[in-house]
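Beneath this line is the structure, given in C-alpha cells, with notes to follow.
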2 protein chains.
Amino acid sequence: MVSKSKKQSELKYCYEYPRAALTADCVVFGLNDEELKVLLIQRASDPFAGSWALPGGFVEMDESLETAALRELQEETGLELAYVEQLYTFGDCGRDPRGRVVSVAYFALVRESAHAARADDDAKQVKWFSMKKLPSLAFDHEKILACAYQRLQAKVRYQPIGFELLPKKFTLTQLQRLYEIILGRILDKRNFRKKILSMNVLEELDEDEVGVARRPARLYRFHKKQYEKLARQGFNFEI
Amino acid sequence: MVSKSKKQSELKYCYEYPRAALTADCVVFGLNDEELKVLLIQRASDPFAGSWALPGGFVEMDESLETAALRELQEETGLELAYVEQLYTFGDCGRDPRGRVVSVAYFALVRESAHAARADDDAKQVKWFSMKKLPSLAFDHEKILACAYQRLQAKVRYQPIGFELLPKKFTLTQLQRLYEIILGRILDKRNFRKKILSMNVLEELDEDEVGVARRPARLYRFHKKQYEKLARQGFNFEI
DNA sequence: CCAAAAGTGTTCTCCATACACCCATGC
DNA sequence: GCATGGGTGTATGGAGAACACTTTTGG
C-alpha cells in the first residue's frame, strides 16, 4: 500500500500509468411557456446513440475546464455563453461503458427565447425539455441533472438569480412566476412585490406591456450595478 | 472546428489522444488552541520538494474520486476519515509544471486533538497550521485552500457544522468560540445560547467541566438524530 | 476575598405572513 | 359590460439584536 503510494507521487507515474478521460458537461436551464426547461442533445453515436444527453465532450489538453464546457456547448447546440458555473465532478468507475471517464459538470441559466435550439452539422437533435417531462438520459446524466436542479433551488434563495432567465424588460408577475416555478410553490403577490422592490435591484420603466387583453402591466428591468453588488455579497431571498 | 468536435465524440478519441492526469486533494480543517487549523504535508519530491502542500495524489483507475481522496489522506497523514465533501475541481492549464493535471479538491472537518499529525514513511513532515500563519504552498494550493475556507464560512450558516470540530463533550462556551472563530466575529452569549438550545440538537449532561480555576461549565453533547435531521434539511443559523 | 468565566430575561425593532378589493384594458 | 390579470396597504406574530448583573469555583 505504501509503496504503491510512493510510486504515485513520482513524476514518472503520470506518464506510465493509464489515465481517466476527462469531459465537461453542461446543464443549461431556460424558462419558456411558464415552465422550467433544460437543453438536451440527442447523441449521434455510441455509446447511447439516439439517447438524449447533456451537451458536453472531451476536454482538450490546452484549454481550461470551463472553456471546454463552453466550447462543447457551442459546438453541439449553437449556444454561445460567456460564463458557466461549476457544479460538481462525477467520477465513479462505472459511469461510462467506454472506460474510466470523469466528467466536470457545469450549469448555466439563459433566456431561452434568445436561443432557439438548433441541431449542429452532425444532425443530432437539440431540444429544450420541460423539467416535468424528461426523457431518460444517457450515462449518469439524470444524476447530474438532479444535482443541478438542486443547486438551482438552493441558489435562488441567496442570489438574485433569475433575471438571467427573463427577457430584458419584464413584468413583476413574470418575475414572480419564475420564483414560483423554481421554488415549486405559490407566493403572495403583495409580499413578493414588497420584498423584491425593497431590494433596489429593479428599475421601473416608463413603459407598459402591450397586446394583452387586460390591464397592461408595468415593465421593469434590473439595475445592473445594484444587482451585481447583491450577487457578490450573497443575500437572503427567503420569500 | 466542427470536424474537431466530431472527432472528439468518437470512441477512438479517448484512446488516441493525450489525457490530463487526475489527482484528489484534501483540505482538512481542525480546531485547537482556540484557532482554526489546516493539515498540510511537506513534499518529499519534486516538483516543489520541501514546500508545504495539501495532502493528495493521483487517482487510480479502479477507485472513485472520493476514495482516492480518503486513501491519499490516510497514506500521507495517517488520518482515517469516513467522509469528505467535494469542494471544487481545479483544472487550469498551468497549475502543475509536470503537465496537465486536474485536481478534484475535497474538504473535511475533524477533531484535531483526536488525530496527532504524523509523518509517513517517506519522512515527509505533516503539520497542523494555524489559518492565521500559513506558509506559502505548492501548486495552486493557496487558491484551493482559500476556496475551502470560503465554503466553510458559508456552510456554517446553514448546516449544524462544527460539532465535528469539538470533542464529544463540550461546553456552550467552546461551541460559541468555534462559531466566533469561523465567522470571524464576536457573538452575544445570551443570544447564542438561546438560539442553539432552541434547535434541540444539544443534550445537557449531568456533568461539569473539571480542573478550571473558576466556576465549572456544564457539559453538553449533541443529539445525533436531531443533528442529522437538521443537517439533511439544511437550516438557518444566522446568528 | 479576588479573579475569571458561567449562567440567566426582558425589551424593542424589524421582517415575514396573511389577507381583499378596486383598476385598466381588449374584446 | 364583462372577463382578466394588475396593482395596492394594514395588522399580527415571531425572531434577532441589544443589553448587565449574580453565581460559582480555585487559588
Side-chain angles (χ1 to χ4, degrees), chain A residues 31 33-35 156-158 160 166-167 169-221 230 233-239, chain B residues 33-34 156-158 160 166-167 169-221 230 233-239:
Chain A
L31 200 76
D33 308 323
E34 307 240 316
E35 281 191 316
V156 79
R157 290 161 194 275
Y158 63 87
L166 290 177
K169 300 174 180 180
F170 52 85
T171 70
L172 291 183
T173 301
Q174 281 180 289
L175 184 58
Q176 183 177 341
R177 278 285 177 277
L178 183 156
Y179 274 88
E180 289 177 339
I181 289 167
I182 296 178
L183 292 174
R185 65 192 162 95
I186 299 299
L187 303 175
D188 179 85
K189 183 161 54 161
R190 278 170 292 193
N191 293 337
F192 179 82
R193 284 165 188 241
K194 208 187 307 172
K195 172 103 187 194
I196 201 85
L197 289 173
S198 76
M199 291 167 60
N200 291 319
V201 288
L202 295 189
E203 197 175 336
E204 183 177 347
L205 300 176
D206 243 350
E207 204 178 332
D208 283 349
E209 225 183 351
V210 289
V212 287
R214 52 172 164 74
R215 175 175 173 179
R218 183 43 59 102
L219 290 173
Y220 291 78
R221 65 179 171 209
L230 265 184
Q233 50 187 229
F235 79 132
N236 195 346
F237 197 87
E238 280 300 340
I239 209 159
Chain B
D33 308 323
E34 307 240 315
V156 79
R157 291 161 193 274
Y158 63 88
L166 290 178
K169 301 174 180 181
F170 52 86
T171 69
L172 292 183
T173 302
Q174 280 180 290
L175 184 57
Q176 181 177 343
R177 277 288 176 273
L178 182 156
Y179 274 89
E180 289 177 338
I181 289 166
I182 296 179
L183 292 173
R185 66 195 161 93
I186 299 301
L187 303 175
D188 179 85
K189 183 162 52 160
R190 278 170 292 192
N191 293 337
F192 178 84
R193 283 163 188 242
K194 206 186 309 170
K195 172 103 189 198
I196 202 85
L197 289 174
S198 76
M199 291 167 58
N200 291 318
V201 288
L202 294 188
E203 198 176 337
E204 183 175 347
L205 300 175
D206 243 351
E207 204 178 332
D208 284 349
E209 224 181 351
V210 290
V212 289
R214 51 170 166 77
R215 175 175 174 178
R218 182 44 57 102
L219 289 172
Y220 291 78
R221 66 177 170 210
L230 265 185
Q233 51 186 230
F235 79 130
N236 196 346
F237 198 85
E238 280 299 341
I239 208 159

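We name chains A, B, ... by the order of the sequence lines, and we start the count at 1 in each one. Reckoned from all heavy atoms, side chains included, excluding hydrogens, waters and symmetry mates. What you see is a predicted model; the values in this text were computed from it and never measured.
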Atom [atom1] of [X] and atom [atom2] of [N]: how far apart are they, to the nearest Å?
| X | N | atom1 | atom2 | answer |
| --- | --- | --- | --- | --- |
| A:Leu187 | C:dA16 | CG | P | 13 Å |
| B:Arg218 | D:dT24 | CZ | P | 13 Å |
| B:Gln176 | C:dG7 | CD | P | 11 Å |
| A:Leu197 | D:dG9 | CG | P | 12 Å |
| A:Tyr220 | D:dG6 | OH | P | 12 Å |
| B:Arg215 | C:dT8 | CZ | P | 7 Å |
| B:Lys195 | D:dA18 | NZ | P | 14 Å |
| B:Arg185 | D:dA18 | CZ | P | 10 Å |

Main-chain N/O of A:Leu172 paired to A:Arg193 side chain as donor or acceptor, under 3.5 Å: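 Such a contact is absent between A:Arg193 side chain and A:Leu172 backbone.
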Is the backbone of B:Ala217 close enough, under 3.5 Å, to the side chain of B:Glu209 for a donor and an acceptor to pair up by distance?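 Yes, because the side chain of B:Glu209 sits within donor-acceptor range (under 3.5 Å) of the backbone of B:Ala217.
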What are the two closest heavy atoms between B:Arg218 and B:Glu204, and how far apart are they?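 Of all heavy-atom pairs spanning B:Arg218 and B:Glu204, the closest is NH1-OE2, 3.1 Å.
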Please evaluate the base of [N] for a donor-acceptor partner in the side chain of [X] within a cut-off of under 3.5 Å?
| X | N | result |
| --- | --- | --- |
| B:Lys194 | D:dG16 | no |
| B:Arg214 | D:dT24 | no |
| B:Lys189 | C:dG7 | yes |
| A:Arg190 | C:dA20 | yes |

Return no unless some side-chain N or O of B:Thr173 is found under 4.0 Å from OP1 or OP2 of C:dA6.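 So the side-chain polar atoms of B:Thr173 do come within 4.0 Å of the phosphate oxygens OP1 or OP2 of C:dA6, strictly under.
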From C-beta outward on A:Asn191, which listed nucleotide comes closest to its side chain: D:dA18, C:dG7, C:dC19?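 For the A:Asn191 side chain, the nearest candidate turns out to be C:dC19.
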Closest to the B:Ala213 side chain: D:dG9, D:dG27, C:dC27?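 The listed nucleotide nearest to B:Ala213's side chain is D:dG27.
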Between B:Arg177 and A:Pro216, just flag the one whose closest nucleotide in DNA chain C comes earlier from the 5' side.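 Counting from the 5' end, the first nearest nucleotide belongs to B:Arg177.
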Which residues satisfy the salt bridge (Lys or Arg N to Asp or Glu O under 4.0 Å) test with B:Arg177, sequence neighbours excluded?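 Partners of B:Arg177 by the salt bridge (Lys or Arg N to Asp or Glu O under 4.0 Å) criterion, ordered by chain and then number, come out as B:Glu34, B:Glu180.
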I'd like to check A:Arg157 versus A:Leu183 (side-chain heavy atoms, cut-off strictly below 4.5 Å). Are they in contact?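 They are in side-chain contact.
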Tell me what A:Thr171 touches on the nucleic acid: a base, only sugar-phosphate, or nothing, going by heavy atoms under 4.0 Å.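 Answer is nothing: A:Thr171 stays at 4.0 Å or more from every strand.
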